[in-house]
Amino acid sequence: MVSFRSIVVKKKQILVIGNNTTGCTPHHEKIAYEIGLEIAKSNSLLITGGLGGVMNACSHGAKDGNGLTMGIIPQDDPKFANDYCDIVIPSGMGFTRDFLNALSADGVIIIGGGSGTLSEVCAAYMSKKPMVAIRGFESAIAPYIDGYVDHRKNVKIIGADTPKEAVDKILELITA
């Protein structure tokens, strides 16, 4: 007899972070959308902060690719989530939810970003989560791409040039 548990395979959980509506350009949105599509193709769960900008575009791409999306929002009301979130977790935690996002992920993909993104990067870094960042964006994260956040060298933030490369690399790091 085969148990149900032995048949179920946990989806890989990939957090995508980056610019919210402020500072999010059409180029950020294009890259995020394509990353969402690639995550859907990999049959992984997309996790975002559930709001606008990169989070919205990535979730849109994943939905267009028939993927599963989850938004962990800082508010306590699910109505704040973008329209592409299948699962909404209204944390009511404000910025503290950045830690919940990072801890919920098997790996993180970074698309630009400011101080909020840097907060999530630091939470993921302290938890030694694999991270891949898209090169070519002026951002708070740019100085750390292909390097470390600090002297501890917990986890190297690997640079990628394309959405496919970013998703392939994070999946490789997650399964390593």
Side-chain angles (χ1 to χ4, degrees), residues 8-121 123-124 129-134 136-137 139-141 160-171 174:
V8 176
V9 177
K10 179 189 166 288
K11 287 182 178 283
K12 302 216 176 8
Q13 298 182 181
I14 301 172
L15 172 65
V16 176
I17 59 177
N19 293 82
N20 196 345
T21 51
T22 304
C24 188
T25 67
H27 184 57
H28 286 95
E29 290 175 343
K30 179 182 183 299
I31 296 294
Y33 180 89
E34 292 174 10
I35 286 174
L37 279 173
E38 291 296 327
I39 289 172
K41 287 181 194 174
S42 76
N43 197 31
S44 299
L45 169 66
L46 169 66
I47 302 171
T48 70
L51 301 176
V54 162
M55 298 170 278
N56 184 73
C58 193
S59 297
H60 186 179
K63 288 310 304 167
D64 283 355
N66 295 313
L68 182 62
T69 64
M70 180 170 73
I72 303 173
I73 63 172
Q75 297 90 350
D76 61 3
D77 187 335
K79 75 177 179 195
F80 289 98
N82 70 58
D83 293 337
Y84 303 104
C85 292
D86 292 311
I87 301 163
V88 176
I89 299 176
S91 72
M93 299 170 72
F95 295 124
T96 307
R97 78 80 152 84
D98 293 352
F99 287 83
L100 185 58
N101 289 352
L103 291 171
S104 297
D106 296 315
V108 181
I109 297 176
I110 309 158
I111 306 166
S115 60
T117 303
L118 188 56
S119 170
E120 287 173 300
V121 166
K129 300 287 182 165
M131 288 185 274
V132 174
I134 296 290
F137 290 108
S139 71
I141 311 314
D161 296 311
T162 68
K164 181 160 179 25
E165 180 186 358
V167 174
D168 288 348
K169 190 63 179 174
I170 201 66
L171 288 170
I174 288 170

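Residues: numbered from 1 along the sequence shown. Everything quoted here is computed from the prediction, not taken from an experiment.
Judged purely by atom type and a 3.5 angstrom limit, Gln13 uses its side chain to pair as donor or acceptor with the backbone of Ser104. Looking only at distances, no side-chain donor or acceptor of Ser91 sits under 3.5 Å from a matching main-chain atom of Arg97. Under a 3.5 Å cut-off, the side chain of Asn82 and the backbone N or O of Leu51 do form a donor-acceptor pair. Looking at Thr21, its side chain never comes within 3.5 Å of a backbone N or O of Gly53 through a donor-acceptor pair. Remark: the backbone N or O of Ser115 is not paired with any side-chain donor or acceptor of Ser119 at under 3.5 angstrom.
If you take CD1 on Ile109 and CD1 on Ile31, they are separated by 11.5 Å, rounding to the nearest 0.5 Å. From Ile47, atom CD1 reaches atom CE of Met55 across 14.0 Å, with rounding to the nearest 0.5 Å. The line from CG of Leu45 to CD1 of Ile87 is 6.0 Å long, rounded to the nearest 0.5 Å. Atoms CE and CG, from Met131 and Leu15 in turn, are 10.0 Å apart once rounded to the nearest 0.5 Å. Considering CD of Glu29 and CG of Asn19, their distance stands at 10.0 Å, rounded to 0.5 Å.
Taking both residues in full, the closest heavy atoms of Glu38 and Val167 are given as CB-CG2, 3.6 Å, listed atom of the first, atom of the second, then distance. Minimum heavy-atom separation, Leu100 to Ile72: CD2-CG2, 3.6 Å. Across all non-hydrogen atoms, the minimal contact from Gly112 to Ile141 is O-CG1, 3.6 Å. Closest heavy-atom contact between Phe99 and Ala123: CD2-CB, 3.4 Å. In terms of heavy-atom proximity, Ala102 sits nearest to Glu120 at CB-O, 4.0 Å.
Side-chain N/O atoms of Asp64 and Tyr84 include no donor and acceptor closer than 3.5 Å.
Among the candidates Ile134, Ile170, Leu46, the single residue satisfying the side chain to side chain contact (heavy atoms under 4.5 Å, CB included) test with Ile35 is Ile134.
Note on Asp83 versus Lys63: no salt bridge recorded, every NZ/NE/NH1/NH2 to OD/OE distance being 4.0 Å or above. Salt bridge status for Asp106 with Lys10: present, with a side-chain N to carboxylate O gap under 4.0 Å.
Few gaps surround NZ on Lys11; more than 12 heavy atoms of other groups in view lie less than 6.0 Å from it.
Side chains of Ile110 and Thr117 form a contact here, defined as non-hydrogen atoms less than 4.5 Å apart.
Between His27 and Phe137, the angle of the ring planes lies from 30° to 60°, which puts this pair in the tilted group.
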